[in-house]
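Every chain is numbered from 1, with letters handed out A, B, ... down the list of sequences.
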2 protein chains.
Amino acid sequence: MLTKSSTELVRQQNSALVLASLRRHGPLAHTDISQHTGLASATVSAITADLERAEVLERREQQAAASRGRPRVIFGQRREAGYLIAVRISSDMVQYSLADYGGTLLDRFEEPRNHADVSTGPFAASFVAALERLVERSQIRRDDVLVVSISSKGLVDPASARLVWSPVFGAQQVDFAALLQPAWRAKILLSNETLLVAHAMASRMEKARVNDLHAVAALSLGHSIGLGIARFDHMGELSVTAPNFGHMLNSADGKLCRCGAQGCIEASAGFYGILRTAFEVPPDTIPAKFVPLAEMDKIALRARQGHRMSEYAFRQAGLALGQGLSRMVSLYETMPIAITGPGTRFFDLMQRGVEEGLAQSQQVRLFGAPPISIVPEEATLALEGHLARALAEMDHDIIAAKAAE
Amino acid sequence: MLTKSSTELVRQQNSALVLASLRRHGPLAHTDISQHTGLASATVSAITADLERAEVLERREQQAAASRGRPRVIFGQRREAGYLIAVRISSDMVQYSLADYGGTLLDRFEEPRNHADVSTGPFAASFVAALERLVERSQIRRDDVLVVSISSKGLVDPASARLVWSPVFGAQQVDFAALLQPAWRAKILLSNETLLVAHAMASRMEKARVNDLHAVAALSLGHSIGLGIARFDHMGELSVTAPNFGHMLNSADGKLCRCGAQGCIEASAGFYGILRTAFEVPPDTIPAKFVPLAEMDKIALRARQGHRMSEYAFRQAGLALGQGLSRMVSLYETMPIAITGPGTRFFDLMQRGVEEGLAQSQQVRLFGAPPISIVPEEATLALEGHLARALAEMDHDIIAAKAAE
DNA sequence: ACTTTTTTCTCGACAGTCGAGAAAATAAAT
DNA sequence: ATTTATTTTCTCGACTGTCGAGAAAAAAGT
């Protein structure tokens with residue numbers, strides 16, 4: 001069902017356009033905004049005046065009058081217009097970051113997590129305390145935090161901001177919105193971490209002016225396997241999703257996954273799956289809760305030295321990934337794939353398996369294998385995704401609020 | 001990249017809204033249009049006057065003055081505003097239909113196809129001739145045909161209207177746009193047939209006011225396996241795709257598919273796959289080009305009488321379908337699935353396999369199995385989809401043309 | 001003939017975009 | 001020091017669109 005349009009919505013859309021172009025290109029002058037957005041000069045004047053009045057934009061001093069003529073007036077986001085907190089929850093630590101409306105990082109700290117402790121109660125308490133600490137240290141009023149963006153591995157219900165299933169807490173759901181509900185007026189966003197990576201990759205490619213790009217996928221390799229898909233819809237808007245890739249059925253081979261099912265991709269390609277195969281543990285053994293990276297490095301070393309079973313384990317992991325990706329491109333479309341996460345350092349051992357798995361579908365035989373790139377800095381990308389998503393949300397909310405009155 | 005908005009676009013969007021509501025609810029009076037679209041009465045007046053001037057809408061006589069007060073003026077699409085031709089290409093025949101802008105069927109005929117003949121040359125000739133015959137019989141000017149909507153099983157490139165891979169022509173591509181290019185000014189649409197079924201199912205559910213429906217999938221069972229996914233995006237617009245489901249990797253079991261790969265879903269669940277298993281033919285045997293439905297009925301009869309291998313063949317087909325669907329819902333989301341096609345009559349034999357396959361993923365264990373309904377009349381649905389898609393396209397084009405001048 | 005009722009049509013107010021040209025502000029030239 | 005050239009921002013009027021309110025139209029009831 002389409003919705004009706006009105007002149008007010010036009011202004012909203014065009015305001016969003018101005019803010020978005022400022023996000024992409026940094027502070028800009030009137031003329032540049034007009035150029036980038038395609039809006040008439042008069043329109044840009046009206047919109048910037050509006051946003052200035054709302055204390056969202058501010059005029060920046062320009063460095064030197066480069067050319068002659070009337071000096072440009074540079075507009076930029078007013079940094080103090082709002083703040084965001086990004087929280088990355090991983091199995092061994094939680095990282096808290098504070099950034100302002102301009103997207104500059106103000107503060108950050110990490111808290112170690114005890115992987116043995118899977119109860120949500122203590123976690124919730126330390127979570128709330130950490131947020132409190134963050135605003136206090138930076139002398140920011142709690143109500144100026146407009147967005148709290150949280151990410152975790154696992155399955156997320158984006159609508160309700162609830163963690164449906166995570167490697168950290170299992171099926172114990174955590175309702176983050178409820179945790180912060182009365183005290184914080186910030187909007188709570190909860191995303192799968194690899195979704196954010198995909199978002200960041202899409203933003204990067206957009207900035208790099210990669211044209212005729214419809215979609216990008218991000219694949220995260222680690223203890224668990226995550227997939228994020230970012231696609232530009234027919235309106236040119238980006239929509240990202242994090243399908244349940246790691247626990248998609250790979251093959252009914254009886255390999256027990258920590259989710260309780262058998263034959264998930266993760267049961268073959270997650271760290272614990274690789275370890276199990278390498279050590280010839282029966283495939284229905286209950287998976288290890290956590291595999292230290294050093295342990296994986298040892299297996300990789302042996303594989304590189306020619307140890308058959310270790311080699312085979314990585315090869316099987318690659319095969320499962322390749323088959324899963326071949327299914328993904330069959331069900332979506334052929335798109336570039338960026339592989340991130342700690343597992344990338346073993347990719348040489350998996351590559352042939354991946355290629356073999358990919359080749360097993362008509363889609364790949366017809367359109368070729370998707371281009372695969374390795375992007376190890378997962379943490380950087382995830383934070384980049386947090387910022388991109390949260391700032392876009394803030395822009396959107398600010399404009400909507402301005403329209404409401 | 002967002003695009004700029006303007007007052008003219010507002011009118012375009014709202015005009016589209018009016019036409020869409022007329023499509024959904026049939027001819028309507030001024031008041032009803034205002035009600036359904038949410039537009040102000042004055043706006044509806046302006047838009048209908050516009051469309052009347054463009055000879056797109058016409059006033060209909062109302063039957064009896066039901067209530068007192070000023071009689072209503074009923075607006076409806078002017079049937080003669082344009083025509084569309086729908087062409088359904090299947091392995092054994094080609095069906096040509098002609099309909100007017102109001103969506104009423106004017107003419108239809110079928111031409112048998114020789115499945116042995118896979119050359120595209122004779123087909124192209126008879127295709128063009130049939131279209132010619134259709135407009136001639138109905139006394140319609142060729143240039144009044146605004147859309148030719150073609151469907152086939154197989155893989156389609158929606159952008160270029162080219163058949164990339166089809167069970168009928170294999171990898172021989174047919175460029176329909178080129179066939180009709182100089183003589184016909186109509187826009188050529190090419191869709192996968194199951195995509196149209198999914199579109200029709202989505203339209204039906206929309207009409208039946210099924211709320212909070214995000215998506216629906218259609219699965220077509222027959223000699224080949226097709227899947228269509230219809231989803232409502234965040235703007236409420238419907239976007240349908242036909243992924244390469246039938247030739248997605250099911251399991252590396254070596255079953256040869258007619259696409260040349262091994263282990264496709266179709267190699268287990270297509271008619272030829274079922275036949276091969278039932279007759280205990282080696283799985284790497286080159287598949288039969290065409291399996292008559294009567295042959296399948298015989299196998300089904302034996303299966304129902306307890307013949308082990310026939311039973312097993314259907315069970316395996318169901319398993320492959322269930323596993324494929326479990327992967328589909330893992331990569332998209334849990335959504336209702338409508339099963340169509342000649343294969344539905346054997347669904348009782350496959351059902352347990354489907355359920356078993358579906359259960360093998362975390363997605364299903366967390367959110368339950370997707371609701372499955374059987375809708376045998378595939379041909380009706382496909383034509384319904386053709387009309388829905390072609391008429392929407394015509395509405396869109398008419399409005400765009402009016403805006404251009 | 002008059003009233004009631006229902007629906008369509010019209011008018012003025014308001015919001016937004018756009019193009020053109022005025023105004024501003026600076027560097028270079030005289 | 002003043003003038004000129006240049007570049008950018010700002011402002012004005014025209015145009016397109018939506019909306020609410022009330023006028024006008026057209027029938028049935030009294």
Please check this pair: side chain of [X] against backbone of [Y], looking for a donor-acceptor N/O pair closer than 3.5 Å.
X	Y	value
B/Q13	A/T3	yes
B/T37	B/L39	yes
B/D157	B/A161	no
A/S191	A/S151	no
A/H199	A/L195	no
B/D100	B/G103	yes

Expressed in angstrom and rounded to an integer, what is the separation of [X] atom [atom1] from [N] atom [atom2]?
X	N	atom1	atom2	answer
B/R68	D/dA28	CZ	P	10 Å
A/I33	C/dT17	CD1	P	14 Å
B/Q35	C/dT6	CD	P	14 Å

All ring pair (Phe, Tyr, Trp, His ring centres under 6.0 Å) counterparts of B/Y101, not counting sequence neighbours
none
Contacts of B/H396 meeting ring pair (Phe, Tyr, Trp, His ring centres under 6.0 Å) (sequence neighbours excluded), chain-then-number -> none
Sequence-distant partners of B/E58, side-chain contact (heavy atoms from CB on, under 4.5 Å), two or more places apart
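Partners of B/E58 by the side-chain contact (heavy atoms from CB on, under 4.5 Å) criterion, ordered by chain and then number, come out as B/R60, B/R78, B/E80.
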Exercise: identify the closest heavy-atom pair between A/A99 and A/L387
CB-CD2, 3.8 Å
On DNA chain C, nearest-nucleotide positions of A/G69 versus A/G38: which is more 5'?
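That would be A/G38.
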Polar atom pairs (N or O), protein with nucleotides 9-11 of chain D, under 3.5 Å:
unit_1 : atom_1 : unit_2 : atom_2 : d
D/dT9  : OP1    : A/H30  : N      : 3.3
D/dT9  : OP1    : A/V73  : N      : 3.3
D/dT9  : OP2    : A/T31  : N      : 3.0
D/dT9  : OP2    : A/T31  : OG1    : 2.3
D/dT9  : O4'    : A/R70  : NE     : 3.4
D/dT9  : O2     : A/R70  : NH1    : 3.4
D/dC10 : OP1    : A/R59  : NH2    : 3.3
D/dC10 : N4     : A/S41  : OG     : 3.3

Would you tell me if any nitrogen or oxygen in the side chain of B/N14 comes within less than 4.0 Å of OP1 or OP2 on D/dG17?
no
Mind checking the CG-CG spacing from A/L22 to A/L51? Nearest 0.5 Å is all I need.
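One finds 9.0 Å between CG of A/L22 and CG of A/L51.
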Scan residues 6-13 of chain B against DNA chain D and write down, sorted by residue number, each residue with any heavy atom closer than 4.0 Å; if none is found, say none.
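Per residue number, the list reads B/T7, B/E8, B/V10, B/R11.
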Angle between the end axes of the helix from C/dA1-D/dT30 to C/dT30-D/dA1, five pairs per end, to the nearest 10 degrees?
30°
